Amino acid sequence: MVEIGHFALVLALALALVQTTVPLIGARIHNERMMAVGGPVALTGFALTALSFAVLMIAYARSDFSVQTVWENSHSLQPFLFKITGVWGNHEGSMLLWVLILTFFGGLVALFGSNLPPTLKANVLAVQGAIGTAFFLFILITSNPFTRISPAPIEGRDLNPVLQDIGLAVHPPLLYLGYVGFSICFAFSVAALIEGRIDAAWARWVRPWTLVAWVFLTGGIAMGSYWAYYELGWGGFWFWDPVENASFMPWLAGTALLHSAIVMEKRSALKIWTLLLAILTFSLSLLGTFLVRSGVLTSVHAFATDPERGVFILGILLLFIGGSLSLFALRASSLTQGGLFQPISREGALVLNNLFLTTATATVFIGTLYPLFIEAVSGDKISVGAPFFDLTFVPLMIPLLLIVPFGPLLAWKRGDIWAVSQRLMFAFGAALLVALVTGFLIDGSSALAAFGAGLAAWLVFGALTDLAMKAGIGNVPPAAMMRRLAGLPRSVFGTALAHLGLGLTVLGLVGTLCFGTEHILTMKPGQTVEASGKLVRFDGLAEYKGPNFDEERAHFSLLNSANAVIGEIYSAKRLYPVRQTTTTEAGIKTMGFSQLYISIGDYGDDGSLVVRVWWKPFVTLIWGGGLVMMAGGAMSLMDRRLRVGAPSRRRKPVGATPATDAA
Amino acid sequence: MTRKQKRLSVIVGGLAFLGAATGLTFYALGQKASYFYMPGDLATASLQPGQRIRLGGLVEKGTIQRGQGTTVAFAVTDTQKSVKVTYTGILPDLFREEQGVITEGSFGTDGTFVADSVLAKHDENYMPKEVADSMKAKGIWQESTNE
Amino acid sequence: MLFWVIAAVLTLVASLAVLLPLAAKPKAEIDGARHDLEVYRDQLSELDRDVARGLIQPVEAEQARAEVARRIIRLGGEENSGDPVQRPASTSLRLISAAAVLAVPLISWGTYARLGSPDIPSQPLSERMLKNPAESSVDELVARAEAHLEANPTDGQGWDVLAPVYLRMQRFDDAANAYRNAIRLLGSNSDRQSGLGEALVNAEQGKISAEAKSAFDEALKLDAANPKAAFFVAMELAQDGHKDEAIATWQKIRAGLPEGSPWLEAVDQALARAEAPDVPVANGPSKDEMEAAASMSPEDRASMIAGMVARLDEKLKQNPKDAEGWMQLIRSYLVIGDADKAKDALKRAVSVFGPGSEQAKEFIAFASSNGLEVAE
């Protein structure tokens, strides 16, 4: 029953209000009972939101066109998967997914927070509740997914064809898990500011949550990039589009947070900075939501936009960012400083990392919002695209990438830069070799390509050196080395994996940007084209009928030097009759880490076809590196010290476990 | 160096770094941001040859010429003036006559606009935001007012 | 009814989630300092491990230990000087608790009463399809037939039945498609060909295309007495400017029609329109009228034009769903220089088709392209 979902949503709003107020007052007046309300209410709120979401999903699955969003974004002939993913393939449903994930994280704190000081837990849940309240109100007032139509239309208007793809099943949920995951770090920071003190337990909690959010956000961005790459048919994987930047800014800030949280957790230093960074990271997530949902910037992501919604989200944005930053200004001075360290030390390297990453975040921020600013001031319309970011973001990243291998090898408090340099000699030599081989043997035309390849190798070998050194290579016999390697904390492996993934991504970028080729030509059936040594023959066109679309497929054969067919590729134009929309389906053939990418265009007067063929060496490493980074993050999470819910090995005091879901 | 001097040098170094980054950012904004024009604005705009701009408007009816291999020629108009544009490559799926379009590139020596990218992404009103705003400002196009 | 029961249960569960912790026995006070102490101890033991692995030099490790120790000492100090916890009066506590518990049902039921539509049941498509056909709307029956044909696209009978229904529902493109399928699967006959022609003509807003013409010709070949085909063939003649031949054909059809045929009226109307020099339905001044106007004095001409425009206006009041007519009217007012009336006509035209509709947008674009200043 659809209305049950609607009612559950309203009930979840009521609980969010209670979750905001009662534990907050309880923490203020030290009332145990009132503080204990937070946990069960957060869990029940999550259960109700999940119920509401499930009901909406059932309405989509059963093509219940009496629900307006179902009618607008679904069609009875759509494949079942797209009926389900259509739930969040539109504004209303995606906002419901947003709060579902928000309450999910709130529920996690309630479940696993039994070893948190009760006032901290109560305050964290209250801040979570406040964010929830704002977004429940937003959904119910401006974008209610349960608006009904009576009498119900008999057929829906179909999901936007560009979204009818497996990418929609993966990309938004991952991205939102990342975005919203940072709300926990935000809630912890604001809670600490409300209390006016940072518990040592606080530091233990922020890092795993940052890691969780960061892992999901990394996956979400990588997946979104790959989706755009194969779905838009333009062959590009990153457009510096405002919506992409909107997800990239929290990632950059979140990466900085991840690193500063290490210092805070291990050395109790950089507390205030970490707290500010946590606030900024989630603020950037909110800003991203605002940019995407308000439509103030032109973007390749064509969401339906509505000024009223934009104003509402802007209000939420100002409330939370303004409120938290004012609180920070008031309270930060009362927080105590932590441990001391020399500039050249592990801490120093992490500070440098933060300096570069936050500056890079700022350049992306300026590049994204400058057009808005200029339009408001002078009325001129400008666009800031790839050339700007190539000139600002890239120069900032290169020195950062150069110092990455040093960081994990430096000692805490006071490091020896010469000793570390000596240890990195092997990695440096290997990188130099790769750069020279690339420069002289493969392509002598571009010094940048050689440098890039060397940089990628430097990162990869640097990460491996870290592991080898920590295992005691050269100092202990091989058997002992293996033992030591196995005994290393998982977070050491996590660091090495994440840095290695970064190197792989750089390798993919360099390969694609410096060694990729592109051919645009008209082809008639039987004609062949050579792209970087790959022979491609255009075989002809064929019609194909899908469940809710008609396709015209252009078949291509991949030939070897003896003209024998070694593979087939097809690229297509797809017509979705319900919306009268055409999409291009790129034909992609993966060979090793590289890909051959074909997309087709219009027909010429003589029956020939415009064909665009790209050869993209190592392109899959761009996203593969992202996966390795995710694996690194996940590995770090499994570290004994960081396991969620077990930040310290203390026995729980008797009676400290709050009541679980009272329902 | 005393501890105080050390701290001071770190702070000065950090500030210098931030200053350099800020300088670079604003230099890049001045150099690399491309301005948006409609065909009617071009007479008053002082454009350097080869300067990158975004040209937006409607694809004029009956001006799309294909068949010259992979190069397509068409005219972009704001219903008052129009500019000839050439583009080599594959046009987006949503590129149609009398629909909004944004092209990015620079003017060639013969006064033809050579585009290296063509965007025809738009909302359900078939109009990119910049084009819609500019045309509204000129009173050529109207949005329905019931929303 | 079931809905209200479930809603009540959900509300109860939500209220209990607030009530139970508030009513539970107060737990032993846990000191935040004990949590911190555990973390500091863990930091100390971790330092030992780091020294063993060479991640920190022994001298620095000693310093770090001292830092942690200082924090532990400070913790002890805080513990001793900790604020005495204020206990608020239990009445105010009870009040807050009661308010919190009551807030849940009040807010949820209050909000839902404003937003919800509890009386609309779920309507999954498959259930609607299973309903007794007698209770279904035409839309539902058509959807059912469409679902059937989607599964069995070679069922020619199905297409043949559906095609005229589409035609009546004014889904002309679908009708043409259905007729084509029926012809392909069941073979050509006169009714199907003339139906296809009619669908095509309507899809083109009355213009008879070459494809429609050949469909009608085919229909007449199969059945020379098919009135629909004959009627449209005559219409095609009229559209081509062969008015006399068209009139002759229509008169011939009329003679051959039996008493009470539905085509009698259509043919009569067509004849009246073709024979009368008058403007057909809602149209601008005819060619003759324009010629006549040219030879008049300026005053006469103005009054004649004004009369024609008024006539057009009157016709549109009776038959407002005529988009062409509205555009004619707007232009006519602009030609005679009456911008206010033109604006008024635009406003009426927009309101007929609904503001924001495709047609309304077209009107506005048309008006502004003809020089009418259209304010927001």
Side-chain angles (χ1 to χ4, degrees), chain A residues 162 232-234 295-307 342-343 348 351 355-356 359-360 362-363 366-367 370-371 374-375 379-392 395-396 520-522 573-574 581-584 599-606 608 610-612, chain B residues 3 6-7 9-10 13-14 17-18 20-38 41 45 52-54 56 64-72 88-96 102 104 117 119 121-125 128-134 137 147:
Chain A
V162 176
L232 292 179
W234 299 345
V296 291
L297 292 167
T298 308
S299 141
V300 293
H301 295 63
F303 287 107
T305 55
D306 177 346
Q342 298 286 319
V351 168
L355 187 64
F356 278 108
T359 313
T363 58
I366 292 170
Y370 188 68
I374 285 295
E375 195 178 339
D380 283 337
K381 291 172 193 301
I382 66 165
S383 82
V384 175
F388 167 81
F389 294 102
D390 288 347
L391 195 59
T392 54
L396 276 169
I520 307 176
L521 71 164
T522 55
K573 288 253 173 221
R574 225 177 238 189
T581 309
T582 321
T583 64
T584 304
S599 80
I600 58 170
D602 300 299
Y603 306 102
D605 303 331
D606 52 352
S608 60
V610 179
V611 179
R612 211 161 163 176
Chain B
R3 179 178 287 177
K6 248 186 213 163
R7 184 177 289 175
S9 61
V10 167
F17 171 78
L18 282 179
T22 316
L24 184 66
T25 303
F26 283 97
Y27 167 77
L29 277 178
Q31 295 292 306
K32 302 291 181 184
S34 48
Y35 280 75
F36 174 85
Y37 295 101
M38 305 279 287
D41 303 334
R52 276 181 76 78
I53 63 160
R54 286 187 152 202
I64 303 178
Q65 291 171 4
R66 294 198 168 97
Q68 307 286 313
T70 53
T71 301
V72 184
T88 301
I90 293 179
L91 290 167
D93 296 323
L94 300 161
F95 181 89
R96 284 173 212 161
I102 294 179
E104 190 163 348
S117 77
L119 289 170
K121 277 280 168 185
H122 41 60
D123 60 11
E124 54 272 42
N125 293 325
K129 187 177 168 293
E130 284 97 338
V131 178
D133 287 352
S134 300
E147 284 162 311

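Just so we're clear, the structure is a prediction, and the values are computed from it rather than from any experiment. In the text below, chain A, chain B and the rest are named by the order of the sequence lines, each starting its count at 1.
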Measure distances from [X] to the heavy atoms of chain B and classify the residue's part below 4.5 Å as side chain, backbone, both or neither.
X	value
A:T359	side chain
A:I374	neither
A:F388	both

Contact leader toward chain B among A:T583, A:V611, A:D390, A:V384, where contacts are heavy-atom pairs under 4.5 Å
A:T583

B:L29 side, atom CG; A:T392 side, atom OG1 - distance, nearest 0.5 Å:
8.0 Å

Hey, could you give me the CD1/OH distance between A:I382 and B:Y37, rounded to the nearest 0.5 Å?
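One gets 10.5 Å once the value is rounded to the nearest 0.5 Å.
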
If I measure from the heavy atoms of chain A, does B:L18 come under 4.5 Å with its side chain, its backbone, both, or neither?
side chain

Qualifying residue for side-chain contact (heavy atoms from CB on, under 4.5 Å) with B:T25, from A:L396, A:I366, A:L391
A:I366

